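Structure first, then comments.
Numbers restart at 1 for each chain; the letters A, B, ... are given by sequence-line order, proteins then strands. These numbers come from the heavy atoms of this one structure, side chains and all, not from hydrogens, waters or symmetry mates. For clarity, every value in this text was computed on a predicted model and none was experimentally measured.
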There are 2 protein chains.
Amino acid sequence: MSTGPTKLGELGLENFVPYLMNRIMGRYNAALQDEMAALGLTTPQMRSLAVLSVIDGILIRELAVYAVVQQSTLSRALEALHKDGLIRRETDAADSRAIRVFLTNPGRDVYERLWPHMADAYEAMFKGVDDAAQKAFVATLKTMLGNIRKHDF
Amino acid sequence: MSTGPTKLGELGLENFVPYLMNRIMGRYNAALQDEMAALGLTTPQMRSLAVLSVIDGILIRELAVYAVVQQSTLSRALEALHKDGLIRRETDAADSRAIRVFLTNPGRDVYERLWPHMADAYEAMFKGVDDAAQKAFVATLKTMLGNIRKHDF
DNA sequence: CAAAATTACATGCGTTTGCAATTATCTTGT
DNA sequence: ACAAGATAATTGCAAACGCATGTAATTTTG
């Protein structure tokens with residue numbers, strides 16, 4: 001059995017995974033900041049577009065999970081995206097409480113302008129990490145998410 | 001040379017590292033939420049205490065990097081921590097613009113109450129990840145941070 | 001060595017966020 | 001079938017955040 005860290009001081013900050021992940025995500029977000037600002041997008045808006053580019057027509061409550069934002073925050077983010085014509089909302093056929101969200105063509109265009117910056121930041125992260133290590137890394141991340149996620153996806 | 005992802009749709013959200021890391025950090029933060037609320041702490045406050053538990057007497061600008069918060073946000077977080085008697089601030093001897101931050105005993109107590117929850121969340125993450133994989137994972141995180149960080153630490 | 005540029009931290013102010021409550025719809029149990 | 005409870009999304013309101021700016025101190029440079 002793998003014992004967790006006993007004290008942060010003993011483990012050292014530089015070996016503490018949540019710390020490392022925070023630092024890395026902070027830099028990743030910073031790398032996207034300029035382009036997001038140029039497009040007038042907030043983080044929840046940017047993430048919504050990214051998720052929608054993969055899973056179009058998703059329910060709002062699912063989108064909130066994928067984008068890791070509160071539903072109330074997402075609600076307002078979608079309102080803004082809709083006002084800018086980047087998404088379209090449709091009441092779900094089976095459940096009239098639920099709403100499905102779709103990317104419009106302008107929305108897809110905005111996302112396509114964003115994606116190269118995400119890909120660049122992604123690539124910059126993994127410089128000097130060989131393919132095997134990268135694969136193992138992703139596999140571990142998947143295991144971790146499986147361990148702690150609340151939803152089935 | 002390892003080529004980055006060409007399209008998010010092809011790669012799949014579930015293989016996209018920033019997405020996975022966001023999801024995981026979201027759950028990690030959620031796991032601490034209750035205890036933070038009970039202690040009346042915000043995220044920047046909680047992170048400040050954690051960093052200070054390891055590097056006491058750190059400069060504010062360094063703390064901002066370690067805690068991954070804006071300096072303006074940190075300034076207010078420290079103000080609140082000071083008002084609650086959890087930290088102490090001292091002008092740096094060599095540079096009178098700079099301020100060093102120290103944990104008080106009550107501050108250390110609060111942190112010690114927080115730490116078990118961090119350790120629990122940490123352990124929960126790595127369930128089913130063997131030691132070798134975990135070591136490799138941390139090593140990759142360190143490489144990644146080295147790739148993209150702006151500061152020397 | 002004085003002026004200009006930089007750095008450290010704090011703060012004013014508008015925006016964003018999160019919690020709690022609300023509305024509307026669906027599901028469950030009797 | 002109907003009341004009670006759960007769920008989907010939105011919204012009011014106060015707290016938190018981030019950008020830009022301000023003040024003070026240090027470093028650079030001509």
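Taking for each of Glu62(B) and Ser72(A) the nucleotide of DNA chain C with the nearest heavy atom, the 5'-most of the two is the partner of Glu62(B). The residue among Leu59(B) and Arg76(A) whose nearest nucleotide of DNA chain C is located toward the 5' end is Leu59(B). Residue Leu74(A) is the one, among Leu74(A) and Gln33(A), whose nearest nucleotide of DNA chain D lies closer to the 5' end (criterion: closest heavy atom).
Distance from the side chain of Ser75(A) is smallest to dT11(D) among dA8(D), dT11(D), dG18(C). Checking dC9(C), dT17(C), dT25(C) against every side-chain atom of Pro44(A), the shortest atom distance belongs to dT17(C).
Backbone-only contact: Arg89(A) has heavy atoms under 4.0 Å from sugar-phosphate atoms and none from a base. Here Ser96(A) lies in heavy-atom contact (under 4.0 Å) with sugar-phosphate atoms only. Across all strands, Thr42(B) comes closer than 4.0 Å only to sugar-phosphate atoms, never to a base (heavy-atom distances).
Separating the CD atom of Gln71(A) from the P atom of dT22(C) is a distance of 18 Å, rounded to the nearest angstrom. In this entry the distance linking CE of Met36(A) with P of dT15(C) reads 17 Å, nearest Å. Spacing between atom CD1 of Ile58(B) and atom C1' of dA8(C) amounts to 14 Å, rounded to whole angstrom units. Rounding to whole angstrom units, CZ of residue Arg97(A) and C1' of dC26(C) are separated by 4 Å. In this structure, CD1 of Ile99(A) is placed 14 Å from C1' of dT11(D), rounded to the nearest angstrom. If you measure from atom CD1 of Ile60(A) to atom C1' of dT7(D), you get 14 Å, rounded to the nearest angstrom. Here the C1' atom of nucleotide dA8(C) and the CG atom of Leu63(B) are 14 Å apart, to the nearest Å. Protein atom CD of Glu90(A) is 16 Å distant from nucleotide atom C1' of dA9(D), rounded to whole Å.
Remark: Thr73(B) is in phosphate contact with dG18(D), judged by side-chain N or O atoms under 4.0 Å from OP1 or OP2. Side-chain nitrogen and oxygen atoms of Gln70(A) include at least one within less than 4.0 Å of the OP1 or OP2 phosphate oxygen of dC19(C).
Side chains of Asp109(B) and Arg113(B) form no contact here, defined as non-hydrogen atoms less than 4.5 Å apart. Using a 4.5 Å heavy-atom cutoff, the side chains of Asp84(A) and Val110(A) are not in contact. Contact of the Met118(A) side chain with the Met46(A) side chain is registered, since non-hydrogen atoms from C-beta on lie closer than 4.5 Å. Side-chain contact between His82(B) and Ile87(B) is present, with at least one heavy-atom pair separated by less than 4.5 Å. Considering only heavy atoms from C-beta on, Phe126(B) comes within 4.5 Å of Val17(A) through its side chain.
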